[in-house]
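Let me begin by presenting the structure, written as structure tokens, before commenting on it.
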Protein chains: 2
Amino acid sequence: MGAMLQLKDLPDALILGKFADRYGAVDVDAVLQFLSILRIGTDLSEALDGFLARRGLLQGRWWVLILLMREDDLTSTPSELAEKSGVSRATMTRLIDGLARDGLVKRLGDRSDRRKYSIRLTAAGQARLDEVMPEYYPRVKRMMKVLSAAQREQLLQNLLLLKERSKVFQ
Amino acid sequence: MGAMLQLKDLPDALILGKFADRYGAVDVDAVLQFLSILRIGTDLSEALDGFLARRGLLQGRWWVLILLMREDDLTSTPSELAEKSGVSRATMTRLIDGLARDGLVKRLGDRSDRRKYSIRLTAAGQARLDEVMPEYYPRVKRMMKVLSAAQREQLLQNLLLLKERSKVFQ
DNA sequence: TTGACATAGTTAGCTACCTAACTATAATGG
DNA sequence: CCATTATAGTTAGGTAGCTAACTATGTCAA
């Protein structure tokens with residue numbers, strides 16, 4: 001996935017006015033709100049990232065472990081993992097390299113198709129999740145509780161509308 | 001800025017139930033909503049990223065050019081740019097390397113303090129912005145118009161509340 | 001049955017982010 | 001006035017993402 005804007009210094013209305021002189025009428029509110037949404041998304045993501053990093057995981061690795069734990073035999077393939085976590089196969093190769101190096105997953109050959117191999121969650125990998133998840137879930141609950149169920153519903157609804165309309169950038 | 005989750009495969013309620021067996025009561029709605037918010041943030045960011053990439057810019061570089069254009073003399077320093085765009089000085093060094101290589105900015109010595117130097121937006125850099133910005137602003141406007149002013153106001157309000165509460169991850 | 005195409009994974013080389021350690025210069029205070 | 005501390009920028013080495021090109025294997029159809 002691409003990196004996300006980290007603007008600590010959003011433009012104020014004055015600056016946007018100056019840009020408008022060059023580029024014509026600008027919907028100042030729309031621009032400020034759009035950039036703010038991107039920035040808050042970054043902030044939330046970084047909050048989670050810091051939490052995971054302090055527990056020896058990073059977002060990409062954490063998600064791979066979770067995907068493996070979902071499987072009944074704790075096993076999957078690089079392609080499947082790449083597709084489910086939404087990264088390229090090349091990126092997944094490197095994530096697995098790091099996880100295998102740390103002993104959190106293990107590569108296992110596949111007899112039926114020699115192009116493939118399997119990735120299995122190890123006991124150490126499960127143990128790492130067992131440290132993280134019982135701290136993760138209550139925090140998410142505590143955070144989301146700041147909004148009522150109806151508010152959360154509406155927030156998602158509106159974000160989804162924006163996402164659909166983000167086609168304008170195509 | 002850190003990378004953001006790219007989960008294409010959010011857990012369903014069944015899977016979260018399985019996890020609950022191991023980790024105790026989980027607020028399934030809260031977790032799904034939180035992950036969805038992160039994911040939509042990524043999607044919006046990637047939409048902008050793709051738009052910029054097709055015009056020869058990436059988010060980090062685009063923002064540096066904009067920060068320079070805001071200045072009356074089109075000039076700033078690496079430290080200032082790093083602080084305003086929220087990246088480390090090391091990252092800014094590399095962004096400037098790339099921009100200077102492409103001729104979009106220029107490094108200029110500083111007589112008064114020989115540790116410093118200035119970065120100035122070049123004519124080519126201004127031209128690049130002049131290609132991008134007149135296409136950027138109307139698109140943002142068109143996208144945000146899917147929500148009423150009141151809805152946008154409320155969306156921001158609720159996101160800000162979540163951001164404040166993201167302290168739970170500290 | 002073999003030649004063409006498809007699939008699985010890796011490698012190489014790029015961007016962009018980080019921290020920590022480094023160099024050079026400036027500022028300050030005994 | 002010089003030793004310490006602070007500041008500006010770079011470098012080194014790490015993670016995480018991408019595309020494109022590659023190897024190896026499997027599949028399928030003429």
Side-chain angles (χ1 to χ4, degrees), chain A residues 1-8 42-43 45-46 48-50 52-54 56-65 76-102 104-105 107-119, chain B residues 1-8 42-43 45-46 48-50 52-54 56-65 76-102 104-105 107-119:
Chain A
M1 157 193 76
M4 197 164 178
L5 267 186
Q6 268 219 316
L7 348 157
K8 299 292 187 212
T42 300
D43 291 338
S45 179
E46 285 182 350
L48 173 61
D49 232 8
L52 292 173
R54 284 188 292 280
L57 283 176
L58 299 166
Q59 276 188 49
R61 296 183 177 201
W62 175 63
W63 200 248
V64 171
L65 296 185
S76 187
T77 65
S79 294
E80 262 180 41
L81 292 170
E83 212 233 327
K84 287 181 178 173
S85 45
V87 302
S88 66
R89 296 199 315 270
T91 297
M92 187 51 63
T93 293
R94 298 213 173 164
L95 284 175
I96 291 169
D97 284 346
L99 287 166
R101 192 195 53 210
D102 295 352
L104 304 180
V105 305
R107 284 183 161 100
L108 302 171
D110 182 311
R111 279 190 203 99
S112 66
D113 184 339
R114 280 189 299 179
R115 291 171 304 181
K116 288 190 188 175
Y117 62 82
S118 300
I119 308 297
Chain B
M1 159 191 78
M4 198 166 180
L5 267 185
Q6 269 219 315
L7 347 157
K8 301 290 186 216
T42 300
D43 291 339
S45 179
E46 285 182 351
L48 173 61
D49 233 7
L52 292 173
R54 282 187 293 279
L57 283 176
L58 299 166
Q59 275 188 51
R61 295 183 177 200
W62 175 64
W63 200 246
V64 171
L65 297 185
S76 186
T77 64
S79 295
E80 262 180 43
L81 292 170
E83 213 233 328
K84 287 182 178 172
S85 45
V87 302
S88 67
R89 294 198 314 268
T91 296
M92 187 51 62
T93 293
R94 299 214 170 164
L95 283 175
I96 291 169
D97 285 347
L99 287 167
R101 192 195 52 210
D102 294 353
L104 305 180
V105 305
R107 285 182 161 100
L108 301 171
D110 183 310
R111 280 191 201 99
S112 66
D113 184 338
R114 281 190 299 179
R115 292 170 304 182
K116 288 189 189 176
Y117 63 82
S118 299
I119 307 296

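Throughout, a chain's letter reflects where its sequence line sits, starting with A, and its residues are numbered from 1.
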The residue among T93(A), L95(A), L99(A) that forms side chain to side chain contact (heavy atoms under 4.5 Å, CB included) with D97(A) is T93(A)
Is the shortest side-chain N/O distance from R107(B) to OP1 or OP2 of dT10(D) below 4.0 Å?
yes
d(CG, L58(B); P, dG17(D)) in whole Å
17 Å
Length of the CG-P vector between L81(B) and dA8(D), whole Å:
13 Å
Phosphate contact (dT7(C) OP1 or OP2) by R114(A) side-chain N/O below 4.0 Å
no
Taken to the nearest whole Å, CE/M92(A) to C1'/dT7(C) is 17 Å
Counting C-beta onward and ignoring hydrogens, is there a side-chain heavy-atom pair between R89(A) and S79(A) closer than 4.5 Å?
yes
Find the distance L57(B):CG to dT15(C):C1' and express it as a whole number of Å.
13 Å
So does T93(B) get a side-chain nitrogen or oxygen closer than 4.0 Å to the phosphate oxygens (OP1/OP2) of dT11(D)?
no
Looking only at side-chain N and O atoms, does R61(A) come under 4.0 Å of OP1 or OP2 in dA16(D)?
yes
What nucleic acid atoms does R89(A) come within less than 4.0 Å of, heavy atoms only: base, sugar-phosphate, or nothing?
base
Return whichever of L95(B) or S79(A) has its heavy-atom-nearest nucleotide of DNA chain C closer to the 5' end.
S79(A)
Would you say that M92(A) contacts V64(A) through its side chain, given a criterion of any heavy-atom pair below 4.5 Å between the two side chains?
yes
Are any side-chain N or O atoms of D102(A) and backbone N or O atoms of L104(A), one a donor and one an acceptor, separated by less than 3.5 Å?
no
Between E46(B) (CD) and dA16(D) (C1'), how many Å, whole number?
13 Å
What's the CG-P distance between L52(B) and dA16(C), to the nearest Å?
11 Å
For T91(A) and R115(A), find the nucleotide of DNA chain C closest to each by heavy atoms; which residue's nucleotide sits nearer the 5' end?
R115(A)
Whole-Å distance between dC18(D) P and E83(A) CD?
13 Å
N or O in side chain of S88(A) less than 4.0 angstrom from dG17(D) OP1/OP2:
no
Minimum heavy-atom separation for G109(A) to Y117(A), with atom names?
CA-CB, 4.1 Å
Of the candidates dG9(C), dT25(D), dT11(D), the side chain of A90(B) sits closest to dT11(D)
Under 4.0 Å from OP1 or OP2 of dA24(C): is there any side-chain N or O of Y117(B) that close?
no
Distance below 4.0 Å between R94(A) side-chain N/O and dG13(C) OP1 or OP2
no
When rounded to whole Å, the CZ to P distance for the pair R54(B) and dT19(D) reads 13 Å
